[in-house]
Amino acid sequence: MAKQNDFFDSVYQVVRLIPEGRVTSYGAIANYLGAARSSRMVGYAMNASFNEMPPVPAHRVVNRNGQLSGRKHFEHPFKMQELLEAEGIQVEDDAVVGFQELFWDPFSLEG
DNA sequence: AAGGTGACAGTTT
DNA sequence: TAAACTGCCACCT
């Protein structure tokens, strides 16, 4: 049994479940993992997500305000916005337009 | 081994 | 109202 105890790996699995054209927040992922207090770790995990396989759609993860807080950690500061726009998500002032509407909750999978 | 870091979030001033 | 502070905890050096 592979030890999937790693918090990061758990985060990656959830992030990969984010549908295209949708976004979620770090806190939502942490909450889904039962670690609502570890929301910072979620973002921290994304920093290492670039080395993960398959690649994790980190661009679909924003903070609770819908701001692209982690855009500076991408290849280019604007890469995150481009990826979002490529999926039909409008980004304005480094924030997702209609974030609340595009927000995707991991719990929506269960029902 | 111990301390510092940080792509957040909630609370307080 | 907005801005600033603290808590938080798994990973990294």
Side-chain angles (χ1 to χ4, degrees):
Chain A
M1 213 39 196
K3 57 174 292 187
Q4 40 192 198
N5 300 332
D6 289 343
F7 183 84
F8 279 26
D9 193 49
S10 299
V11 174
Y12 301 149
Q13 291 182 36
V14 177
V15 175
R16 283 191 284 243
L17 293 175
I18 303 173
E20 187 173 309
R22 296 280 179 165
V23 294
T24 191
S25 66
Y26 304 94
I29 297 171
N31 189 6
Y32 179 76
L33 296 175
R37 269 62 185 270
S38 302
S39 54
R40 300 184 81 180
M41 274 55 263
V42 177
Y44 204 105
M46 315 260 61
N47 188 9
S49 66
F50 295 101
N51 296 328
E52 277 294 311
M53 275 289 287
V56 180
H59 59 279
R60 295 177 190 159
V61 185
V62 296
N63 65 5
R64 79 155 187 105
N65 288 322
Q67 295 178 311
L68 282 55
S69 51
R71 73 201 142 122
K72 57 163 74 173
H73 287 265
F74 279 74
E75 301 177 48
H76 302 291
F78 50 87
K79 187 63 180 292
M80 187 174 184
Q81 180 172 338
E82 289 183 354
L83 291 171
L84 289 172
E85 290 178 344
E87 296 184 357
I89 299 176
Q90 294 180 335
V91 179
E92 195 170 305
D93 191 26
D94 299 331
V96 175
V97 179
F99 166 70
Q100 200 167 16
E101 297 176 2
L102 296 174
F103 181 80
W104 177 84
D105 196 320
F107 285 106
S108 63
L109 291 173
E110 300 179 352

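Chain letters run A, B, ... following the sequence lines, proteins first and then strands; every chain starts at 1.
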For the residue pair A:Pro106 and A:Thr24, what are the closest heavy atoms and their distance?
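Smallest heavy-atom distance, with atoms named: CD-OG1, 4.1 Å.
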Select one nucleotide: of [options], the one nearest the side-chain heavy atoms of [X].
{"X": "A:Ser49", "options": "B:dT5, C:dC8, B:dA7", "answer": "B:dA7"}
{"X": "A:Arg40", "options": "C:dC8, C:dC12, B:dA7", "answer": "C:dC8"}
{"X": "A:Phe7", "options": "C:dC9, C:dC11, B:dA7", "answer": "C:dC11"}

Between B:dA7 and A:Tyr26, counting only base atoms on the nucleotide and side-chain atoms on the residue, is there a donor-acceptor pair under 3.5 Å?
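Indeed there is one.
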Confirm from the modelled atom types if A:Arg64 and B:dG10 form a donor-acceptor pair under 3.5 Å, side chain to base only.
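Donor-acceptor pair under 3.5 Å: no.
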How many Å lie between [atom1] on [X] and [atom2] on [N], as a whole number?
{"X": "A:Asn63", "N": "C:dC8", "atom1": "CG", "atom2": "P", "result": "21 Å"}
{"X": "A:Asp94", "N": "B:dA7", "atom1": "CG", "atom2": "P", "result": "15 Å"}
{"X": "A:Leu33", "N": "C:dC8", "atom1": "CG", "atom2": "P", "result": "19 Å"}
{"X": "A:Phe8", "N": "C:dC9", "atom1": "CZ", "atom2": "C1'", "result": "11 Å"}
{"X": "A:Asn31", "N": "C:dC8", "atom1": "CG", "atom2": "C1'", "result": "14 Å"}
{"X": "A:Asn65", "N": "B:dA9", "atom1": "CG", "atom2": "P", "result": "8 Å"}
{"X": "A:Arg37", "N": "B:dT11", "atom1": "CZ", "atom2": "P", "result": "10 Å"}
{"X": "A:Glu52", "N": "B:dA7", "atom1": "CD", "atom2": "P", "result": "18 Å"}

Quick check: do A:Val61 and A:Val23 have side-chain heavy atoms less than 4.5 Å from each other?
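A:Val61 vs A:Val23: side chains apart.
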Answer yes or no: does atom CZ of A:Arg37 have more than 12 heavy-atom neighbours from other residues, nucleotides or ligands under 6.0 Å?
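Counting other residues, nucleotides and ligands, CZ of A:Arg37 stays at 12 neighbours or fewer.
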Nearest heavy atom decides the nucleotide; on that basis, is A:Tyr44 or A:Ser39 closer to the 5' end of DNA chain C?
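Its nearest nucleotide lies further toward 5', so the answer is A:Ser39.
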Select base, sugar-phosphate, or nothing to describe what A:Ala30 touches, counting heavy atoms under 4.0 Å on all strands.
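If one applies the 4.0 Å heavy-atom cut-off, A:Ala30 turns out to touch nothing in the nucleic acid.
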Using a heavy-atom cut-off of 4.0 Å across all strands, would you classify A:Asn47 as base, sugar-phosphate, or nothing?
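Since a base atom lies under 4.0 Å of A:Asn47, the category is base.
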For B:dC8, take OP1 and OP2 only and decide whether either is under 4.0 Å from a side-chain N or O of A:Ser25.
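For B:dC8, OP1/OP2 do not have a side-chain N/O of A:Ser25 under 4.0 Å.
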Can you label the angle between the A:Phe8 ring and the A:Tyr44 ring as parallel, tilted or perpendicular, going by 30° and 60°?
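The arrangement is tilted - the two ring planes meet at 30° to 60°.
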Does a donor on one side chain and an acceptor on the other come within less than 3.5 Å for A:His59 and A:Glu87?
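A:His59 vs A:Glu87: donor-acceptor pair found between side chains.
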